[in-house]
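Once you've had a glance at the structure underneath, I'll fire off some questions.
All values below come from the heavy atoms of this structure, side chains included, with hydrogens, waters and symmetry mates left out.
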Amino acid sequence: MAPGSRGTGLFRTLLIRCRTPGPGQTRTGLHRCLSSLPPPGTWTSELSRLSHRDLHRLSVTDPDLFWGSAAADRLRWMKPFHRVRDCELSSGKISWFLGGKLNVSENCLDVNVEKHPDRVALIWERDEPGTEVKITYRELLETTCRLANTLKSHGIQKGDRVAIYMPVSPLAVAAMLACARIGAVHTVVFAGFSSEALAGRIQDAQCKAVLTCNEGVRGGRLVKLKSTVDAAVKSCPTVQHVFVSQRTETPTVMGELDVPLEESAVCPAEPLDSEDLLFLLYTSGSTGKPKGIVHTQAGYLLYTSLTHQYVFDYRDGDVFGCVADVGWITGHSYVVYGPLCNGATTILFESTPVYPNPGRYWETVQRLGISQFYGAPTALRLLLKYDDSWVKKYERSSLRTLGSVGEPINHEAWHWFHSVVGDGRCPLVDTWWQTETGGVCIAPRPAEDGAPIIPAMAMRPFFGIQPVLMGEKGELLSGNCVSGALCISQPWPGMARSIYGDHQRFIEAYFKPYPVPFAFVVLKEEFGDDPAAILQQLRELVTTKIAKYAVPEHFLVVKRLPKTRSGKIMRRILRKVAVETSGDLGDVSTLDDPSVVGEIVDAHERYRKRRAEEEKKKK
C-alpha cells in the first residue's frame with residue numbers, strides 16, 4: 001500500500017497468506033499481509049455480499065482481519081501500519097494500527113476536495129429559520145487551512161492543547177479540523193458553560209490557546225462568549241493566545257492575549273501517528289477535577305466513519321441531520337468527524353427545538369431535505385407536549401432513518417417519533433454509546449434484511465463489539481437464564497485511550513469491578529404518602545427485571561436530582577454523597593440549580609441517622 005493512498009479491500013484478504021509473519025504476527029492461523037491487498041474500493045462491495053451475522057462473527061473472531069482491512073480501505077495513510085492492534089484491557093493498554101501515519105483533517109477534507117470539491121460539506125442552520133449557509137468541501141478546507149496557519153504562526157505545535165469555546169458554526173468545525181491538521185489536541189467546551197467550568201478544563205489540559213467568538217446566538221438571545229473567556233483565562237497561566245472571531249456585529253474589546261483570525265489558505269497536513277492524541281473531551285467525573293477523555297487519530301476516525309454509514313444507512317448524496325452541539329461527543333462523532341470522513345453533507349444546528357416555534361426541527365427537515373435525523377429524547381419529550389400539527393404541517397418525505405441519542409428513550413417518545421415524525425415508515429435506531437466509546441456500540445441497525453426493531457431498545461452490537469455478562473467479582477457468566485453486569489469483552493478502535501493525566505483512574509473506572517449501587521429516588525406526588533411501600537416495590541422490580549445481586553443496599557428518597565443545564569444528571573455529586581465525602585463536591589457551576597445539592601446532602605444526613613438508630617435497636 002503506497003503512502004498517501006486510500007487503502008484496499010476487506011474480504012478478499014481471506015484468501016491471502018503471508019510467507020513470513022510481520023511484526024506482532026504469529027505463524028498460527030491465517031496471516032494477513034497488509035501490503036498485498038486487493039484493489040481500492042472493494043471493501044463496501046465485498047461487505048455487501050456477506051450477511052450481517054457472518055460479518056459480525058468475523059469482526060469478533062478475527063478483529064485483526066476485519067479492522068485491518070477496513071482501515072486500509074477506508075482511510076488515506078501517509079505511512080502504512082504494520083500491526084493492527086496491541087491491546088491489554090486489564091492494564092488499560094490500547095493501541096491500534098501501529099506504525100501507521102495519517103492526518104484526520106486530510107481524510108475529512110482533502111480526500112473529498114479531490115473527488116467533489118463543490119459538494120456541500122456543511123449546512124449551517126443558523127438561529128433564524130431560512131438563513132442557512134452552505135459551505136463546500138473546498139471552502140471548508142480553505143477556512144481550516146487559514147486557521148491552522150494562524151495557530152502555527154503563533155507558536156501552536158503538535159501536541160499542544162487548544163480549547164475551543166464556540167457556538168455551533170462552520171468556524172467551530174474548522175477550528176477542530178485545523179488543530180487536527182497541525183497535530184494540536186483540541187478540547188471543545190460547550191459554549192454555555194460558566195467561566196469557572198471553562199477555566200477548570202483549560203487548567204487540567206494545560207491549554208496553550210483558546211479559540212472563541214465575540215458572542216453566540218441561540219433561541220433569539222445573544223450569549224456573551226468572549227467575556228466568559230476573559231474571566232476564565234485570568235486563572236489559566238498556560239494560555240498564551242486567545243483567537244477571536246466575530247459571530248455578531250457587536251464590537252469586541254481586544255486584550256493583550258487576543259488575536260483576530262485570518263491567514264493564508266494553504267497548509268500542508270502534518271503526518272501523525274495512529275495513536276497521537278486527536279482531542280480531549282471532558283465529562284463529569286467522580287471528583288471535582290474534570291475528567292478529560294482521550295481519543296486518538298486513526299481508530300476513532302475509522303470507527304465514527306463506519307458507524308455513521310452502517311447504523312444510519314448513510315448513502316452518497318444524503319443530508320445528515322444530527323442536531324447535537326459540537327461541544328458533546330455526539331457532535332464530535334456524528335456532526336463532524338464521521339460524516340466528513342464519509343464525504344457527507346452534515347447539518348450544524350445553532351438554534352433550539354422550539355425557536356421560533358415547536359415546528360423548527362421539522363421545518364428544517366423540509367427546507368434542507370434531511371435524510372437522517374438524529375436527536376435526543378429530552379428534546380423529543382419537550383416536543384411531545386405540543387400538538388402533532390407542528391410536525392404534520394411540514395413535508396418529511398426526505399427522511400429515511402431516525403435516531404435517538406443520549407439517555408434511554410421512553411416508549412411514549414419512541415412511538416411518537418416513529419409514528420408521527422417518521423409516519424411509521426422510517427427505521428428508528430435507539431443508539432447506546434457514550435463519550436468513552438467514541439461511537440455507537442449497540443443499535444438496532446445494521447442487521448439482517450427485515451430484522452425487527454423493538455421499541456425503545458438498542459438491541460444489536462455493532463461490528464467488533466462483543467457484549468458479555470459479568471458477576472460482582474468480575475467473573476464471566478455463561479449459560480441460559482443468568483443475569484449480571486453488561487460489559488464489552490474486547491477492544492474496538494474507537495474506544496477512549498485514557499483519562500488525560502491520570503491513566504490509573506482510567507483503569508479503575510473502566511476495567512475493574514464496581515460496588516453494588518446506591519439508589520436516589522424521586523417520587524411522583526401521588527406516591528409520596530407511602531414511600532416505604534414504593535421502595536419495596538422497587539426492590540422487587542430490580543430483582544425481577546435485572547437480578548437480585550443488583551438490588552441497591554441503600555434507597556434515598558429526594559425531591560429532585562442535580563442536573564446540568566442540558567439535562568444531564570451530575571452523577572459524581574450523587575456518588576460523593578453516597579460515599580459520605582460531600583464536603584468536597586468540586587465544581588457545581590454547571591448545575592441548573594446548585595441549591596439541589598444542599599437538599600440531597602440534608603436528606604442523606606437524615607437517612608444516615610435513621611439507619612444508625614435502626615442498627616442500635618437491632619443490637
Using a strict 4.0 Å threshold on nitrogen-to-oxygen distance, state whether D258 and K226 make a salt bridge.
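Answer for the salt bridge query: yes.
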
Applying salt bridge (charged side-chain N to carboxylate O under 4.0 Å, His left out) as the test, list every pair that has at least one member in residues 205-216; sequence neighbours left out.
D160-K208, E215-K224

For T307 and Y334, does a side-chain donor sit closer than 3.5 Å to a side-chain acceptor?
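Yes - a donor-acceptor pair under 3.5 Å links their side chains.
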
Salt bridge check, E350 against R247: does any charged N sit closer than 4.0 Å to a carboxylate O?
yes

Between R218 and Y355, does any side-chain donor sit less than 3.5 Å from a side-chain acceptor?
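No - no donor-acceptor pair under 3.5 Å links their side chains.
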
Just wondering, more than 12 heavy atoms not from R221 lying within 6.0 Å of its CZ?
no

Do the charged groups of E125 and R360 touch, with an N to O distance under 4.0 Å?
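The answer is yes: the pair qualifies as a salt bridge.
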
Show the nearest heavy-atom pair for residues P377 and S404, with the distance to one decimal.
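That closest heavy-atom pairing would be CG-OG, 3.4 Å.
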
Quick check on the 6.0 Å ring-centre criterion: do F190 and Y165 meet it?
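No, too far apart.
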
Tell me whether R608 is salt-bridged to E613, with the criterion being a basic N under 4.0 Å from an acidic carboxylate O.
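Looking at E613 together with R608, the answer is no, because their closest N to O distance does not fall below 4.0 Å.
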
Side chains of R560 and S595 only: does a donor on one sit below 3.5 Å from an acceptor on the other?
yes

Flag for T250-N214: side-chain donor and acceptor within less than 3.5 Å
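No - no donor-acceptor pair under 3.5 Å links their side chains.
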
With sequence neighbours excluded, tell me which residues meet side-chain contact (heavy atoms from CB on, under 4.5 Å) with A163.
T187, I202, C207, V210

With W124 via ring pair (Phe, Tyr, Trp, His ring centres under 6.0 Å) - residues at least two apart
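Checked W124 against ring pair (Phe, Tyr, Trp, His ring centres under 6.0 Å); zero matches.
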
Is E412 atom CD crowded by more than 12 heavy atoms from other residues, nucleotides or ligands, each under 6.0 Å away?
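No.
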
Would you say the rings of H186 and H332 are close, in the sense that their centroids are separated by under 6.0 Å?
yes

Measure centre to centre between the rings of F555 and Y607, then say whether the value is under 6.0 Å.
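Between Y607 and F555, which both carry aromatic rings, the centre distance is not below 6.0 Å.
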
Determine whether the aromatic ring centres of residues W362 and F373 are separated by less than 6.0 angstrom.
yes

